[in-house]
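Presented below is the structure to which this report refers.
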2 protein chains.
Amino acid sequence: MPARTAPRPRRAASTRPASRDSRDLIFTAAAELFSARGFDGTGVDDIAHAARLNKAMLYYHFDSKLALYREIVRDMLRAVGARALHTADSPEPADARLVAFIAGLVRLSDERPWFPPLMLREIVEGAPRLDPDTLVLMKDVFMAFGRILGDGHRTGLFRPINPILAYMSVLGPILLNAARERAAARPGRLDLPMFADVPHADLTAHMQHAALRLLSPEPTRA
Amino acid sequence: MPARTAPRPRRAASTRPASRDSRDLIFTAAAELFSARGFDGTGVDDIAHAARLNKAMLYYHFDSKLALYREIVRDMLRAVGARALHTADSPEPADARLVAFIAGLVRLSDERPWFPPLMLREIVEGAPRLDPDTLVLMKDVFMAFGRILGDGHRTGLFRPINPILAYMSVLGPILLNAARERAAARPGRLDLPMFADVPHADLTAHMQHAALRLLSPEPTRA
DNA sequence: GTCTATAAATAGATAGAC
DNA sequence: GTCTATCTATTTATAGAC
């Protein structure tokens, strides 16, 4: 699921306790932990233990903790960017593309559950650990969103609006809610009301509806 | 500015390099750093250095790094909660209270710039470090928001909506945008388009407008 | 109240056996 | 490819002088 450019071939048959590729095990465990506790809050021992391996294996597959982290973020941003560019450049009208953009983000949050918390962290911290190539990927997502916004404005589907504020207003709820959901799912803690379950079916619809309301040119009230 | 329940008296006159109370210096430096780099990303030495003191002073004023962190979050949530409860219980109609609720959050983000990043981090991580008393404060803010929402629904000003999704949709953009702004202001990095300046005047208005559009009962489009 | 020096624990990273 | 044992640097926290 992590997906490097080309999936390496798997060794024939092997026993259960390490049947999946150890690199993927470490990758996934690390993504999970980094998103939950942050880069500094996660030890390489924690990662190795969660992957049911040891840290020597981590260093066998990755150069360093930082290199592993970067690979996770790059993989994630490549996935987001690919989807965003694809929908932004589709021939459909802007409102349909906006709806697809949001559906893509929500679906991606399910496929790569570490995406929302990790993305939030990177924005909050100002992405201090990312290399220039990865920063470009972050930019691409925003530019794709901006293109949808601009097209919508030109075709009269959307009202004029500051693209950054619009981006924050669309991305913020999606990321924050998914991150909240994820935090609530962790064992032990948190029976606060704001961490209660939200019916997953309503979610995409709400986010899409909210975005359309935000951008629609019709005035809503004084 | 951090504000314990009662501000202790200041010593008469003293030289510049440590004229302000050292406790407040450490408190503010720590809040700033914790919000920027997270709890684990911030060392007590970093804090002491930013406060132009040393870590022995930190331990003179606070029991531990964790105790200091908790005090910062508690102070922040007390401020948010007090403001939220005050506006939620005001006699005004719900839409006016919602607008005031948002203005309060934005104003608080200016007064205590560490609030948005810190709050985001706590939600993302599921508040694993907070003591029960502090968790209650988090709950109070949400409940105040919920009361405004419920009143608005009863009086026909708002449409029915899942309170958690509404909370995420109002809080998410405000926190994320303020955090983004703050990350962009840090020296060195980040000239990505999505980290560009947003005219501060537009900000509150946008957030208020967006929230009203989200909750208004009038249908906006199919 | 403020500092320097240091103890004790932890974390990232590597050597080398199997 | 996988593991244990270990080195080294960093980090929280404290002792004790001024």
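Just so it is clear: chains get the letters A, B, ... in the order the sequence lines come, proteins before strands, and each one is counted from 1. When reading the values below, keep in mind they use all heavy atoms of this one structure, side chains included, and skip hydrogens, waters and symmetry mates.
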Expressed in angstrom and rounded to an integer, what is the separation of B:Ile47 atom CD1 from D:dT12 atom C1'?
11 Å
Given DNA chain C, 5'-ward residue of the pair A:Val44 and A:Ala56, judged by closest heavy atom:
A:Val44
Given B:Asn177 and B:His206, is the side-chain hydrogen bond (donor to acceptor under 3.5 Å, both in side chains) satisfied, shown in steps?
CA-CA 11 Å; B:Asn177 182 66; B:His206 167 93; over 6 Å; no
Please report, rounded to the nearest Å, how far the P atom of C:dT2 is from the CE atom of B:Met57.
4 Å
Nearest-Å distance, CG (B:Asn54) to C1' (D:dC18)?
13 Å
Atom CZ of A:Phe39 to atom C1' of C:dA11: distance rounded to whole Å?
11 Å
If you measure from CG on B:Leu77 to CZ on B:Phe115, what distance do you get to the nearest 0.5 Å?
8.0 Å
About how many Å separate CZ of A:Arg112 and CD of A:Glu32, when rounded to the nearest 0.5 Å?
12.5 Å
Taking atom types as modelled, find out whether A:His49 and A:Asn54 have a side-chain donor-acceptor pair closer than 3.5 angstrom.
no
Name the closest nucleotide to the B:Asp45 side chain, picking from D:dG1, D:dA5, D:dT12.
D:dT12
Near B:Asp63 CG, under 6.0 Å, is it more than 12 heavy atoms from other residues, nucleotides or ligands?
no
Strictly below 4.0 Å: does B:Tyr59 bring a side-chain N or O up to OP1 or OP2 of D:dT14?
no
Figure out the NE2/P separation between A:His49 and C:dA11, and round it to whole Å.
14 Å
Under-4.0 Å salt bridge between B:Asp40 and A:Arg37:
no
Distance in angstrom units between A:Leu68 CG and C:dG12 C1', rounded
13 Å
Within residues 60-67 of chain A, which residues have any heavy atom lying less than 4.0 Å from an atom of DNA chain C?
A:Ser64, A:Lys65
Spacing of B:Arg52 atom CZ relative to C:dT2 atom C1', expressed in whole Å:
16 Å
Flag the pair A:Asp191 and B:Lys139 as a salt bridge only when some basic side-chain nitrogen lies within less than 4.0 angstrom of an acidic carboxylate oxygen.
no
B:Lys55 NZ to D:dT12 C1': how many Å, rounded?
7 Å
